[in-house]
Amino acid sequence: MGFVPDQIEAFLEVFEQNKDKIRDFEGCRHVELLRDIHQTNQFFTYSHWESEEHLNNYRNSTLFKGVWANTKNKFHQKPEAWSINKV
């Protein structure tokens, strides 16, 4: 996720306020926030879910919709997301 530089602190507050709620969401095994060391306005959330169904339940939840509403207006570029498997 690429953020408008003056919106980074506001995003960090949103994440801080919600990270434990996300971690406690049914099916979430792990979530963390990562930041690029060179492009410091670039962030990544890295999460582990029990299944794609659990992830989709989160994506359709009131929690996600609230977090997303308070995050998407801070982007300077279109966000990307990937679902991956360990090889």
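Every residue meeting the side-chain hydrogen bond (donor to acceptor under 3.5 Å, both in side chains) condition with D20, not counting sequence neighbours, appears here in chain and number order: R23. Partners of K65 by side chain to side chain contact (heavy atoms under 4.5 Å, CB included), not counting sequence neighbours: none found. Residues that satisfy the side-chain hydrogen bond (donor to acceptor under 3.5 Å, both in side chains) test with H30, not counting sequence neighbours, are E32. In terms of the side-chain hydrogen bond (donor to acceptor under 3.5 Å, both in side chains) criterion, R35 has no residue partners (sequence neighbours excluded).
In this structure, CG in N56 is found 10.5 Å from CZ in F64, a value given to the nearest 0.5 Å. M1 contributes atom CE, which lies 9.5 Å from atom CG of L34 (distance to the nearest 0.5 angstrom). Atoms OG1 and CG, from T71 and N18 in turn, are 8.0 Å apart once rounded to the nearest 0.5 Å.
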Please output the side-chain donor-acceptor pairs of residues 72-87 that fall under 3.5 Å, not counting sequence neighbours, one pair per line with the distance.
| from | atom 1 | to | atom 2 | distance (Å) |
| --- | --- | --- | --- | --- |
| K74 | NZ | N70 | O | 2.7 |
| H76 | NE2 | N41 | ND2 | 3.0 |
| Q77 | OE1 | Q42 | NE2 | 3.2 |

Counting only pairs under 3.5 Å, give me each side-chain donor-acceptor contact of residues 43-52, with atom names and distances, residues two or more places apart or in other chains.
| from | atom 1 | to | atom 2 | distance (Å) |
| --- | --- | --- | --- | --- |
| Y46 | OH | H48 | NE2 | 3.3 |
| S47 | OG | W49 | NE1 | 2.9 |
| S51 | OG | E53 | N | 3.3 |
| S51 | OG | H54 | N | 3.1 |
| S51 | OG | H54 | ND1 | 2.7 |

For residues 6-17, which side-chain donor-acceptor pairs fall under 3.5 Å, sequence neighbours excluded?
| from | atom 1 | to | atom 2 | distance (Å) |
| --- | --- | --- | --- | --- |
| E16 | OE1 | K19 | NZ | 3.0 |
| E16 | OE2 | K19 | NZ | 3.2 |

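In this structure, the side chains of F25 and S61 come closer than 4.5 Å at one or more pairs of heavy atoms.
Applying the under-4.5 Å side-chain rule to Ile, Leu, Val, Met, Phe, Trp and Tyr, the cluster around I37 consists of that residue alone.
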